[in-house]
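Step one of this worksheet: look at the structure below.
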Amino acid sequence: MEDYILNNDVAMPKVGLGVYKMKSEHEDALVWALNHGYRHIDTAAFYHNEELIASAIRKSGVKRKDLFITTKVWSSDVGKKTNQAFEKSLQKLQTDYIDLYLIHWPVRGYLESWRTMETLYKEGKIRAIGVANFEQNQLEEIMKQRTIKPAVNQIQTNPYLQQHALHEYLVQHQIQHIAWGSLGQGSSQLFQDQLLSELADKYGKTTAQIMLRWSIQLGIAVIPKSVHPDRLQQNLEVFDFQIADGDMNRISTLERNKRGINDPNNKLFLWFLRFIR
Ligand code: NAD
């Protein structure tokens with residue numbers, strides 16, 4: 001597995017395992033993934049599966065020091081409750097440190113959360129701190145107040161939502177871009193896209209592998225989710241081929257700026273998130 005080196009010199013595997021919606025019946029898949037090379041797990045308090053992750057890690061026998069665990073503070077805890085939420089995540093994950101701790105959405109109070117996270121980072125309880133779903137204007141607020149620069153921004157990114165402008169901003173500020181939904185959350189439109197299918201045939205890979213490799217060649221980390229061993233395996237096997245520049249350019253023409261209701265600049269949506277558990 002290859003790593004990206006974050007702006008504080010911490011190494012993060014380029015491919016991780018997204019675990020949104022994974023439940024106890026998926027524990028075998030988690031153990032399988034850990035035993036077949038996954039070292040980076042992307043969970044969140046909101047996924048209500050941090051205890052399951054701890055259990056799968058225990059069963060896999062993989063050592064804590066060999067893992068990179070990301071979790072996130074949920075919107076109802078942004079602001080004053082961040083410290084308490086962090087302690088809860090530590091307890092559920094059965095660990096005494098988190099590799100990467102993120103603010104899940106830019107809801108009101110995120111500057112206060114950021115200050116708490118800076119303290120936890122300085123105390124050595126978190127190896128890297130970052131944000132998710134932050135637009136440039138929201139990141140700039142943090143950049144003005146911070147003593148520690150965000151290490152990452154985890155944002156929805158795939159060939160139909162390429163995030164060019166925000167990606168450039170992240171590169172310029174050495175903030176690692178992590179893609180969520182890098183497979184369009186299983187969208188049949190992306191999986192049936194004519195160009196992506198043509199490239200899958202050309203490179204002898206699957207459409208999923210083309211999408212993941214495209215992200216990695218742009219310097220973006222990916223955290224695809226699957227509970228099926230064959231797909232878990234496929235999603236790791238993206239380091240043995242290279243998409244040619246001309247084909248990368250062809251993929252860039254697929255941009256549709258296509259996202260669901262979850263627009264981080266939609267104030268009503270952000271307000272609503274604070275009431276969801
Ligand atoms: P994804 O784009 O990773 O798509 C996952 C779906 O793609 C699977 O459910 C399956 O249907 C399909 N799939 C996976 N591998 C495949 C393969 N090889 N071949 C064919 N189909 C395949 O979507 P996601 O799960 O929403 O995102 C990944 C992870 O990102 C999540 O699990 C979570 O950890 C994280 N995430 C973060 C946020 C955030 O707000 N920060 C939001 C959503 C997801």
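We use all heavy atoms of the structure for the numbers below, so side chains are in, but hydrogens, waters and symmetry mates are not. We count ligands from 1, going down the list as the structure has it; atoms in each ligand are counted the same way.
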**Request:** Please determine which of Asn153, Val131, Ile148 meets the side chain to side chain contact (heavy atoms under 4.5 Å, CB included) test together with Ile142.
**Result:** Val131
**Message:** If the threshold is 4.0 Å, N to carboxylate O, is there a salt bridge linking Lys144 and Glu141?
**Reply:** yes
**Prompt:** With distance as the sole test, does Thr82 use its side chain to make a donor-acceptor pair with the main-chain N or O of Val78 at under 3.5 Å?
**Reply:** no
**Request:** For atom 28 (C) of ligand 1, grab the closest protein heavy atom and report residue, atom and distance to one decimal in Å.
**Result:** Ile223 O, 3.2 Å
**Message:** Any nitrogen or oxygen of Gly181, side chain or backbone, less than 3.5 Å from one on ligand 1?
**Reply:** yes
**Prompt:** Heavy atom under 4.0 Å from ligand 1: found in Asn235's side chain, backbone, both, or neither?
**Reply:** side chain
**Asked** Hey, which atoms in ligand 1 end up nearer than 4.0 Å to a heavy atom of Pro224?
**Response** 3 (O)
**Asked** Would you find more than 12 non-hydrogen atoms of other residues, nucleotides or ligands less than 6.0 Å from Gln172 atom CD?
**Response** yes
**Message:** Are any of the N/O atoms on Ala208, whether in the backbone or the side chain, positioned under 3.5 angstrom from an N/O atom of ligand 1?
**Reply:** no
**Asked** Should you measure from each heavy atom of Trp105, which atoms of ligand 1 turn up under 4.0 Å away?
**Response** 40 (O)
**Prompt:** Salt bridge between Glu25 and Lys23, side-chain N to carboxylate O under 4.0 Å?
**Reply:** no
**Request:** For the pair Arg250 and Asp247, find out whether any cationic side-chain nitrogen is under 4.0 Å from an anionic carboxylate oxygen.
**Result:** yes
**Prompt:** So His177 and His167, would you call those rings parallel, tilted or perpendicular, with 30° and 60° as cut-offs?
**Reply:** tilted
**Prompt:** What atoms in ligand 1 come closer than 4.0 Å to a heavy atom of Tyr47?
**Reply:** 33 (C), 34 (O), 35 (C), 36 (N), 37 (C), 38 (C), 44 (C)
**Item:** Check ion pair Asp99-Arg39 (N to O, under 4.0 angstrom)
**Value:** no
**Message:** Ring-plane angle category for His173 and Tyr169, please: parallel below 30°, perpendicular beyond 60°, tilted otherwise.
**Reply:** tilted
**Item:** Nearest-contact summary for atom 41 (N) of ligand 1 - protein heavy atom, Å
**Value:** Gln154 OE1, 2.8 Å
**Item:** Sub-4.0 Å heavy-atom approach of Thr206 to ligand 1
**Value:** no
**Prompt:** Of all the atoms in ligand 1, which lie at a distance below 4.0 Å from a heavy atom belonging to Phe191?
**Reply:** 19 (N), 20 (C), 21 (N), 22 (C)
**Prompt:** Does any N/O atom on Leu183 come nearer than 3.5 Å to any N/O atom on ligand 1?
**Reply:** yes
**Prompt:** Salt bridge check: are Arg146 and Glu118 linked by an N-O gap of less than 4.0 Å?
**Reply:** no
**Asked** Any idea which atoms of ligand 1 are less than 4.0 Å away from a heavy-atom of Gly18?
**Response** 29 (C), 31 (C), 32 (O), 34 (O)
**Request:** Only heavy atoms count here, so choose which of His104, Lys225, Met22 is nearest to atom 5 (C) of ligand 1.
**Result:** Lys225
**Request:** Report the part of Ser182 (side chain from C-beta onward, or backbone N, CA, C, O) that has a heavy atom under 4.0 Å from ligand 1; answer both or neither where that applies.
**Result:** backbone
**Prompt:** Strictly under 6.0 Å, is that where the ring centroids of Phe269 and Trp105 end up?
**Reply:** yes
**Request:** Please confirm whether Gln234 comes within less than 3.5 Å of ligand 1 when only nitrogen or oxygen atoms on both sides are compared.
**Result:** yes
**Item:** Closest protein heavy atom to atom 31 (C) of ligand 1, given as residue, atom name and distance to 0.1 Å
**Value:** Tyr20 CB, 3.5 Å
**Item:** Heteroatom proximity flag, Lys72 to ligand 1, N/O under 3.5 Å
**Value:** no
**Request:** Identify the protein heavy atom lying closest to atom 12 (C) of ligand 1, giving its residue, its atom name and the separation to 0.1 Å.
**Result:** Gly186 CA, 3.9 Å
**Message:** Considering non-hydrogen atoms of the protein only, which is the closest contact for atom 42 (C) of ligand 1, and what is the distance?
**Reply:** Trp180 CD2, 3.2 Å
**Message:** Tell me the protein heavy atom at minimum distance from atom 4 (O) of ligand 1, and give that distance in Å.
**Reply:** Gln185 CA, 3.2 Å
**Prompt:** Nearest protein heavy-atom contact for atom 34 (O) of ligand 1: which residue, which atom, what distance?
**Reply:** Asp42 OD2, 2.7 Å
**Asked** Is the Tyr203 ring parallel, tilted or perpendicular to the Phe241 ring (thresholds 30°, 60°)?
**Response** tilted
**Request:** Check each atom of ligand 1 against the heavy atoms of Ala132 and keep those under 4.0 Å away; list them by number with element.
**Result:** 41 (N)
**Complete:** In this structure, atom 40 (O) of ligand 1 is nearest to the protein heavy atom Asn133 ND2, 2.7 Å
**Asked** So, for Gln162 and Glu255, which heavy atoms are closest and what is the spacing to 0.1 Å?
**Response** N-OE2, 3.0 Å
**Prompt:** When you check the gap from the basic side-chain N to the acidic O, do Lys72 and Asp42 get nearer than 4.0 Å?
**Reply:** yes
